Amino acid sequence: MISAYGGGTRPFGCYTEGELEGIRLRIEQLPKVRQEYERQQQLSEQFASREAAAPLHKLGVFRVEPFVFKTPPRTAFLKLSVQIRGKGTARIGGLRLTHSQLGLPVELANGGLESGMLGWSQDRENGSTVYLEKLASWQQGLQPSGVTPSGASLADDLQCICISNEEVKGLTILHYGETIPVYEGDHYSVQTVLSLEAPLGEGICIGVHFLNAAGQPLGTELLSPLFNRPTLTNWAFLLEATGADANMYMTTGESKFAVRAKQKLQYMLADMRVGMDIFRRDGWHDDDTYGAVHIGRGLAAASVIYDQIAGSSVFLTGEETELLAHFRYIADMMMDTHYYRFDLETFPDEKGGKRSNWNADRATGLGVYALLFPNEKQSEAYLDHALSVINWQLEEVVDSDGAWPENIRYHGAVLHRYFLFFLLLKRLKGIDYFKHEKVKGMYHFLIGTVTAPDIIQGGSSGSPVLLTPAVGDANVQEKWFRLLGYAAPFYMDEDPQLAGEMLWTWKHGGEPIEDNGAFPLPLVALLYPQPDLAEQRPALDSVHYPDIGYVIFRNGEQNLQHYAIYEASPLTYHAHHDEGHFSIWADGVPVTLDSGTGGYYNGDRHWYVSSAAHNVVQFTDSFGNFANGPLQSTCKEVRFSEELDHASSLIPEANAREYERNFLFIKAGFNVYLIWDRIEGASNSVWNLHTLSTDASIMEQSIDAACLNGKHLSAYIAEPELPVITMGEGAVAGNYPLAEQQHFRVYGGTSDYVILLHPRTEDASSLQLEQLDYEEAVEGVRLYRISRTDGKWFIAAINGTKEEHLVTVPGLGPLRLLGESESTSGQPEATQLRIEAGRIHIAMPR
C-alpha cells in the first residue's frame, strides 16, 4: 500500500521507515523502555498460545453481572441461588458478595468453586444436566470481558459449573448453601460470574431469600433481572495484546506478528459494530465499552495498529476491503446523534453533550482515524469536526488553571487522548497544539496536584513516589505521570522549563512507562519517553484551584513532606458527596485518604460516592437517618502563608440552617490540622474520620490511630463535649497494604465540631488541648490552647457569633496572629485578641 504521507510503502503515521532502526536502538539502550518492550513481548506470546487453543470469541467469555438490593427490616441472614431458565447451556464461575454501603467484600465459603461444588446443591428438571467443568489452560487467569489479563497468574484448579437445559421451559437452580449474616436496611451486591455462548430460552437470574434472626423467611424471594446476552469476547479484551503484536512487527519485521494483529483487529472491529448498533438502538447501558467514550479510544488505537501493519502484505483478497468498511461504519456511527448527543452544550450527566469526557474521546478518536486514513471520503470532514470539538473544549471546558473540571482521573484520561491526536497533527499536518496555553496548562495542573512522595507506595525496595490525589472519582495509584514522560520531548524547544518540570515530576513519580489502565496505547510507551532529558524541580507551594475546587496545603522539605488536599467545589461530573473532605500525608505517609472509587457497576459505588466514605459531617434527615451531603459548595476564603494555611467553605446542607467548614493547616513548627465545623440548626450530626490504620485507642475526648510506617494520627476533640465515638471500617482504593480504613464516627448532636488532627511518629509526645477562660465571656466565643511538652503553644480563638469581639486572656503575654498582617482587625493588643465575626484566628506568643 502507498502511504498518503511522503510516498513509499506504508507504514507509518507515528514513525517513518527510516526511523525504525532508531526505535529499535532506543528499546535496546533505555532500560525502562526495554522492560516495557519485554512485557509487551510476553503479552503477545501469551495471547498467541491462547489463540492456538481456542477461537478469539472464546478467549474472554466470563462476565461479572451485579445485582444490587437493599435488605428489608428485620433481615439477619441471606440465602442465595442462581437460576438458569429456558433451553440452552450456561456456565457459572461462582458468586461474590459485597456490602455495598461499606464497599467491602463479604467472604463466601467456596463462592468461587475452589472446592468444587462443596456447599452447593441443585434442583433440576428432567433433561437438564449439571456438572463441574475444569477450565482449559488457555482460559486460566481470565478476568471478566473488557479487561486484558496481562500478567495474570495461572492456576491448576479453576473450574465452573456447566448447566444444560434441554427443555424449552427448563429450569435449573443452583443453591448456595451458606446462610450469610447481613445487616438490615443496608445495600448489598451479589455478583455472578457467568458465561453464555448463546442466549437461553429465558436467561439467568439471582434469587435472594431474606431471613430473620430465627432463620425464618421474610416475604417472598427477590429475583434479579434476567441476564440473557451472549458473553463472547469483548473487543477491549484484545486491544492491548493487538497493539503488542503490532509493536513486535514494528521491531522484528516478522509477518507472524502482523498476522496476529490482523486477526484480532478483524474481530475487534466487527465486535465494535455489533455493540454500537445495540447501543444506538437501546440507549446507554452498563456495558459501556460500546459507548462513544470507549469506542473513541478504541478507534484511535485500532487506527494506529492498522497503520503499523497495513504495509505488511498479510491481508488476503477482500480482507482489507472488509476492514476498511468496518472502520468507515464505526466512524460514521460516531457522528450519529442518535448514538451520542455531541451537539448538546448542556446535558443531564456525563454520558452526553459537548462538555463531556466522552465527547473528547469520541472526537479525538475520529481525528486520529481521519489523520491515518486521509484518502477516505469523509476524512477531511471528520478532522474538521474533531478540531472544532477540541477547540471548543479548550476554550469552554478546560479552566484557566488547565484543569479538566471533573477530577484527576478524567483530567488524565482526556489529556491522554488529546496527546495522540496532537502528536499526529503536529507530525502529519504541522499543526502544533502543544503550544496552546490551555494544553500547557493541563500539564501544569497535573504537576501542581502532586502529593508528598508516598513512602508506602514506594515500598521497601524503591524510593517514595509522587502520586495524584484521589478526589471524587479517582484513585491515588493511577499512574498519570506517564503522560508527562510521553509529552516532555514535545516541549524541549517550545517551553524547556515546562519540559524540565515534566521530567522531574515523571522521575519522582516512579518513571512509569507502561500505558496502563483501560484501552492502552502500547506504542506510545515505546516511542516517546526520553529519560535522559534535563529535569527541573517545579515550585510546589500551597495552591488553590477554584474552578475544580481543590485546595492543596504543603510544607516541609521544600514543600514535599507534608501534604493535605481539601475539597470545596462546584458540581462536577462523576461527583461524590464529599464537599469539605480532606486527605493528609505526613512525612510521606498517608494517614487519612479519600476512599477513591470502585467499579461502576458492581454495587460498591454505594460506598465510594457516599458522604460516609469521606471525612465530612453528615446530618440526619426527616426520617432520622444520616443523609448524603450536597454535591457542591462555595469556597468562601483561602489564605496561604508561611506559618498558616486556611480554607473555609459554605456547604449548602439541606438538613442544617447553615453549615460552614474551616480547615486550617498550622505550620509554625507544629504541622497540625484544625477543623472547625460551624453549624446552625436542630438536626443531629456525625463527624466522619477515616484513618489508614491498623489499631486505635478511643478515649473520652480523643482518638489515636496507629497508621502505617510507625505513624500515628491523633484526633483531639474540643467540641462536642463527651461525644459518642464509634469505630468501624470502610473500603479504600489505592493498592495500599490495607484494603480498608478504620472509620471513626463522632456523634455531636447539634453541636459545632472543633477537632485537632496531629500526625506524629509513634514515639512523639502527644499534644494537650485545653479551653481557656477569658474576662469578657460571650456565648459562642471560645479559646483553646494547644501545647507541646517542650512548652511551645498556640491559641485557637473561635468566634461563632455574628459580631466582632475583643477578649482578654491574662497571663499569656503579647500575642501575634499567624498568617495575618499587623493591620488586620484581628491584630493582638498585648494580651487581648480582636476576633472577627464568624472567624477563627490562630495566635502564638510574640
Side-chain angles (χ1 to χ4, degrees), residues 3 5-6 10-41 43-44 239-253 257-258 261 297 300-312 364-365 367-369 371-372 412 415-430 432-434 443 479-494 499 502-503 506-507 511-517 519-533:
S3 172
Y5 300 106
R10 187 171 182 160
F12 305 100
C14 294
Y15 48 88
T16 67
E17 187 98 32
E19 291 170 320
L20 283 175
E21 186 57 33
I23 293 169
R24 293 165 184 147
L25 281 175
R26 77 187 308 272
I27 291 172
E28 288 294 329
Q29 295 171 355
L30 299 177
K32 283 277 187 179
V33 178
R34 177 67 184 176
Q35 182 180 3
E36 167 60 13
Y37 176 79
E38 289 172 349
R39 186 196 69 82
Q40 293 186 24
Q41 189 177 43
L43 180 63
S44 175
L239 181 66
E240 184 181 15
T242 312
D245 291 337
N247 290 343
M248 294 306 106
Y249 172 70
M250 170 186 72
T251 56
T252 68
F257 295 112
R297 298 173 184 180
S303 297
V304 169
I305 291 165
Y306 173 79
D307 191 67
Q308 287 183 275
I309 65 170
S312 63
T364 54
V368 170
Y369 168 76
L371 287 166
L372 294 180
L415 185 57
H416 187 12
R417 306 303 155 175
Y418 279 179
F419 169 71
L420 177 63
F421 183 41
F422 293 163
L423 76 87
L424 288 173
L425 277 171
K426 181 178 174 69
R427 181 179 178 88
L428 303 177
K429 291 287 191 178
D432 192 352
Y433 270 80
F434 292 106
Y443 288 109
K479 300 184 184 301
W480 293 118
F481 298 133
R482 69 186 187 277
L483 307 184
L484 303 177
Y486 298 161
F490 292 86
Y491 286 101
M492 289 307 297
D493 296 327
E494 158 63 20
M502 292 166 78
L503 258 295
W506 173 65
K507 288 189 175 182
E511 296 183 85
I513 292 279
E514 176 188 347
D515 191 24
N516 66 332
F519 318 102
L521 293 162
L523 180 61
V524 300
L526 302 181
L527 294 190
Y528 301 108
Q530 294 186 27
D532 56 342
L533 295 179

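Along the sequence shown, residues are numbered consecutively beginning with 1. Only this structure's heavy atoms are used, side chains among them; waters, hydrogens and symmetry mates stay out. Since the model is a prediction, treat every value here as computed from it, not as a measurement.
- Evaluation of the side chain to side chain donor-acceptor pair (under 3.5 Å) rule for Y528 yields no partner, not counting sequence neighbours.
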The test is side-chain hydrogen bond (donor to acceptor under 3.5 Å, both in side chains); show your working for E28 and Y37 and say whether it passes.
CA-CA 9 Å; E28 288 294 329; Y37 176 79; over 6 Å; no
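- At a threshold of 4.0 Å, the pair R26-E36 does not count as salt-bridged, since none of the basic side-chain nitrogens sits closer than that to a carboxylate oxygen.
- Partners of K479 under the salt bridge (Lys or Arg N to Asp or Glu O under 4.0 Å) rule, at least two apart in sequence or in another chain, do not exist in this structure.
- Taking the salt bridge (Lys or Arg N to Asp or Glu O under 4.0 Å) definition, one finds that E511 meets it with nothing, sequence neighbours left out.
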*Would you sort out whether F12 and Y15 count as a ring-ring contact (aromatic ring centres under 6.0 Å, His included), showing the intermediate values?*
CA-CA 5 Å; F12 305 100; Y15 48 88; 4.2 Å; yes
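- Legend: residues meeting ring-ring contact (aromatic ring centres under 6.0 Å, His included) with F434, ordered by chain and number and at least two apart, are F490, Y491.
- The side chain to side chain donor-acceptor pair (under 3.5 Å) check on Y369 picks up nothing, with sequence neighbours excluded.
- Taking Y418 as the reference, Q393 meet the side chain to side chain donor-acceptor pair (under 3.5 Å) condition, with sequence neighbours excluded.
- Among residues two or more places apart in sequence or in another chain, the salt bridge (Lys or Arg N to Asp or Glu O under 4.0 Å) test is passed with K426 by D432.
- Under the 4.5 Å side-chain criterion, counting only non-hydrogen atoms from C-beta, L420 is not in contact with T364.
- When the ring-ring contact (aromatic ring centres under 6.0 Å, His included) test is applied to F421, no partner is found at least two apart in sequence or on another chain.
- Residues passing the side-chain contact (heavy atoms from CB on, under 4.5 Å) test with A258, sequence neighbours excluded: Y249, I309, S312, V314.
- Between E240 and R39, at least one side-chain N (NZ, or NE/NH1/NH2) sits under 4.0 Å from a carboxylate O, which counts as a salt bridge.
- For the side chain to side chain donor-acceptor pair (under 3.5 Å) test, residues two or more places apart in sequence or in another chain that qualify with E38 are R34.
- The ring-ring contact (aromatic ring centres under 6.0 Å, His included) test applied to F257 returns no partner, not counting sequence neighbours.
- Scanning for salt bridge (Lys or Arg N to Asp or Glu O under 4.0 Å) contacts around R417 gives an empty result, with sequence neighbours left out.
- Applying the 6.0 Å contact sphere to CG of D532 captures more than 12 heavy atoms from other residues, nucleotides or ligands.
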